[in-house]
Engineer: 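Quick one: the structure is below, and I'll ask about it shortly.
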Number of protein chains: 2
Amino acid sequence: MKKEKVRERIIRVASELFYKQGYNSTGINQIIAEANIAIGSLYNHFSSKNDLLQAYLIKEELGWFEGYENSISTISDPKEKLLALIDYRKKLQQASKFAGCHFIKIVSEIGEGNPSVSAFATQHKEKQKDLIRTLAHEYGTEAKLTDTDSIADHIFLLIEGAVVTSTINKQTDSFDQIKKIVQGLLP
Amino acid sequence: MKKEKVRERIIRVASELFYKQGYNSTGINQIIAEANIAIGSLYNHFSSKNDLLQAYLIKEELGWFEGYENSISTISDPKEKLLALIDYRKKLQQASKFAGCHFIKIVSEIGEGNPSVSAFATQHKEKQKDLIRTLAHEYGTEAKLTDTDSIADHIFLLIEGAVVTSTINKQTDSFDQIKKIVQGLLP
DNA sequence: GTCTATACGCAGATAGAC
DNA sequence: GTCTATCTGCGTATAGAC
């Protein structure tokens, strides 16, 4: 197992804090304390706190898709892949103790005054929707369905609704609800 | 027209700033500057910034339900009232330039370290769901539908998904999508 | 490359004059 | 009740020794 480099450790620590406490509530001093480095080292690796924020967003995006790919590695049926997506989001919520979607969270906090963050989140969600569209289209070809894009939009919105609702409630029932609904949408 | 009192003006100014900029990004100094008062006056009316936050949440909750009641004052059909709820959320998003749901936003920002804020948001969303449940039940009685609670949950999750999606996208198309879906759910 | 020391500003909050 | 002046602490970021 390769030794974790300083830069990676900084990103990992900062990511956890940004996610759990919020970006504005996380100070540079806390990051360097928990990463066990001096402030000079941090600014040697990153030019500003905002620079660190960009690294955080990129890391989370890559991790999100990697995690999903892993979770469907043994599945070939597109309908099952869509249902696995719901399970994946549910699992992420449980693992984070319902801390919510990284991208919705950061946009809620600083999206207004930070166009690059806002644009990043928009693109990320667009990729998620594309993923669902592709799977729905695959399924539709087999099942002779038309208008799979509308079904994909419906599924996407249900998942987003379930994620925010589970974040507010700190419960997973919304995922169980949408899983039933989605099964009904894909006969 | 009655003169706006100082306390009301403080809450109004703070609410706008909390909503647009975020709570942590809004300083006391900015609030007093835009409200045209001295800092001593603010602390005469509110014991802390957190106290002001509570007033903000209460005001937004009252305003939300008042606004909805106004928008359905001429409607009696429960199905139309449900569709009007979608129009209402769409209108709020447009009026705020897609600043999002007040409660999702504040929980995203400071929910983790502030249980009272988190609890307030949970209750608020529960009230919204109750509203939808009641309307769905009314509709179901007329239309001889069973399991109107499941339909209500479905509608609730679609609306939440549409709100967050429109906040990220800065577009209203998600509302148009769910309006069609909901019309299909209520035959 | 990593460290310590420090600059500089703004945060929330308080004291006391009027 | 509203004002001005001020306290204390933490925020981000930089300078310069090693």
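Numbered from 1 within each chain, the chains take letters A, B, ... in sequence-line order. Model, not experiment: these values are computed from the prediction.
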Engineer: Taking only residues at least two apart or on different chains, which pairs with a member in residues 91-116 of chain B satisfy salt bridge (Lys or Arg N to Asp or Glu O under 4.0 Å)?
Structural biologist: none

Engineer: Who passes side chain to side chain contact (heavy atoms under 4.5 Å, CB included) against Leu92(A), sequence neighbours left out?
Structural biologist: Trp64(A), Tyr88(A)

Engineer: Which pairs with one or both residues in residues 170-187 of chain B pass salt bridge (Lys or Arg N to Asp or Glu O under 4.0 Å), sequence neighbours excluded?
Structural biologist: Asp87(B)-Lys179(B), Lys90(B)-Asp176(B)

Engineer: Sequence neighbours left out, what passes salt bridge (charged side-chain N to carboxylate O under 4.0 Å, His left out) with Lys125(A)? Give chain and number order.
Structural biologist: Glu160(A)

Engineer: Hey, could you give me each pair passing salt bridge (Lys or Arg N to Asp or Glu O under 4.0 Å) that has a residue in residues 46-66 of chain B? Not counting sequence neighbours.
Structural biologist: Glu61(B)-Lys127(B)

Engineer: Taking only residues two or more places apart in sequence, or in another chain, which ones meet Ala119(B) in a side chain to side chain contact (heavy atoms under 4.5 Å, CB included)?
Structural biologist: none

Engineer: Using the side chain to side chain contact (heavy atoms under 4.5 Å, CB included) criterion, which residues pair with Thr141(A)? Sequence neighbours excluded.
Structural biologist: His137(A)

Engineer: Return a single string for nucleotides 7-14 of chain D, one symbol per nucleotide in 5' to 3' order, where B is base contact, S is sugar-phosphate-only contact and - is none, cutoff 4.0 angstrom on heavy atoms.
Structural biologist: ----SBBB

Engineer: Please identify the 5'-most and 3'-most nucleotides of DNA chain C with any atom under 4.0 angstrom from a heavy atom of chain A.
Structural biologist: dG1(C) to dA5(C)

Engineer: Should Asn24(B) and Thr26(B) be marked as a side chain to side chain donor-acceptor pair (under 3.5 Å) after you check the CA-CA gap, both sets of side-chain angles, and the distance that decides it?
Structural biologist: CA-CA 5 Å; Asn24(B) 283 322; Thr26(B) 301; over 6 Å; no

Engineer: Residues of residues 110-121 of chain B with any non-hydrogen atom less than 4.0 angstrom from an atom of DNA chain D: list those, numerically ordered, please.
Structural biologist: none

Engineer: Taking only residues two or more places apart in sequence, or in another chain, which ones meet Glu16(A) in a side chain to side chain contact (heavy atoms under 4.5 Å, CB included)?
Structural biologist: Arg12(A)

Engineer: Tell me, which pairs form a salt bridge (Lys or Arg N to Asp or Glu O under 4.0 Å) where one or both residues lie in residues 141-150 of chain B, sequence neighbours left out?
Structural biologist: Arg133(B)-Asp149(B)

